[in-house]
Each structure stands twice: as C-alpha cells, then as structure tokens.
Amino acid sequence: MHHTTETVGPHAWVRRPRPSLPPELTADVAVQVAAAALAHSPGATIEWLEVDGSGLFEAHLRGPAGETLVVHLDGDLRVVGWLAEVG
C-alpha cells in the first residue's frame, strides 16, 4: 500500500488511501446512500461511506460548522440513527 506524506508549514502527516467500497455498496447504491444522508444533514459534505458490522450503511460527513457526523441508514435508505461530534 502506498502512503503519501504531505507537509504544511512545520506539520507533516501521512495520507493513507481509503479502502475500496464493500461489494454491497456499489457505485449506484453509494450515490443513493450519500443522497439520503445529505438530505438528512443539509449543508454537510460526504467524507466516506461504509457498511458497519450489522449491515447498516454509514455515511461519514463533515457538517457546515466543521463537526463530524455519522448517519446510519438501513437497506431501504431510511435514517435509523446518527452521531455528531464537535471537533
């Protein structure tokens, strides 16, 4: 796996590529999951999507105020829970 090191001023970090989407999260499904999550959280941007251990879709978002949001959706793309972290 290739890692890219980036520097900004005196700071440096390693950027790791995101893993590929799981098979149940095809490109078409990913677009639908992203749209449903963004409808729930207007003004947010998608950071990444995944499927959790219980089979729920997870949309990881950055809210308009910089907060981290995680929206959980079921197989019918209904929001079944969400978390927000300020930071």
Side-chain angles (χ1 to χ4, degrees):
M1 182 181 293
H2 176 71
H3 301 288
T4 303
T5 301
E6 297 183 20
T7 59
V8 175
H11 307 285
W13 63 91
V14 174
R15 184 175 298 240
R16 295 184 186 128
R18 291 260 181 232
S20 59
L21 293 174
E24 61 270 36
L25 195 56
T26 64
D28 289 341
V29 173
V31 168
Q32 294 171 4
V33 169
L38 291 172
H40 178 267
S41 304
T45 56
I46 297 288
E47 291 196 321
W48 77 88
L49 303 171
E50 62 185 341
V51 179
D52 73 10
S54 63
L56 293 175
F57 296 115
E58 284 189 4
H60 295 257
L61 307 133
R62 178 71 52 198
E67 70 275 23
T68 298
L69 305 168
V70 181
V71 179
H72 300 268
L73 302 104
D74 66 13
D76 294 322
L77 302 179
R78 290 185 302 242
V79 173
V80 295
W82 60 275
L83 301 169
E85 298 176 8
V86 177

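- Linking ILVMFWY residues whenever their side-chain heavy atoms come closer than 4.5 Å, directly or via other members, leaves Leu56 and Val71 in distinct clusters.
- Hydrophobic clustering (ILVMFWY, side-chain heavy atoms < 4.5 Å, transitive): Val70 and Ile46 are in distinct clusters.
- With contacts defined as side-chain heavy-atom distances shorter than 4.5 Å, the pair Leu69/His60 does not qualify.
- Atom CD of Glu58 is separated from atom CG of Leu83 by 8.0 Å, given to the nearest 0.5 angstrom.
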Walk me through it: do Arg62 and Thr68 pass the test side chain to side chain contact (heavy atoms under 4.5 Å, CB included)? CA-CA 5 Å; Arg62 178 71 52 198; Thr68 298; 2.9 Å; yes
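- The nearest pair of heavy atoms linking Ala59 to Ala37 is CB-CB, 3.5 Å.
- Between Leu38 and Leu61, the closest side-chain pair of non-hydrogen atoms falls below 4.5 Å.
- No hydrogens or angles considered: a donor-acceptor pair under 3.5 Å links the side chains of Ser54 and Asp52.
- Residue Val51 is grouped with residue Leu77 when hydrophobic side chains (ILVMFWY) are merged at heavy-atom distances under 4.5 angstrom, including chains of intermediate members.
- Side-chain atoms of Asp74 come within 3.5 Å of backbone atoms of Asp76 as a donor-acceptor pair (strictly under, hydrogens ignored).
- Scanning both residues, Ala30 and Leu49, for their nearest heavy atoms gives O-CD1, 3.4 Å.
- Here the closest non-hydrogen pair linking Phe57 and Val29 is CZ-CG1, 3.8 Å.
- For the residue pair Ala44 and Gly63, the shortest heavy atom distance occurs at CB-CA, 4.1 Å.
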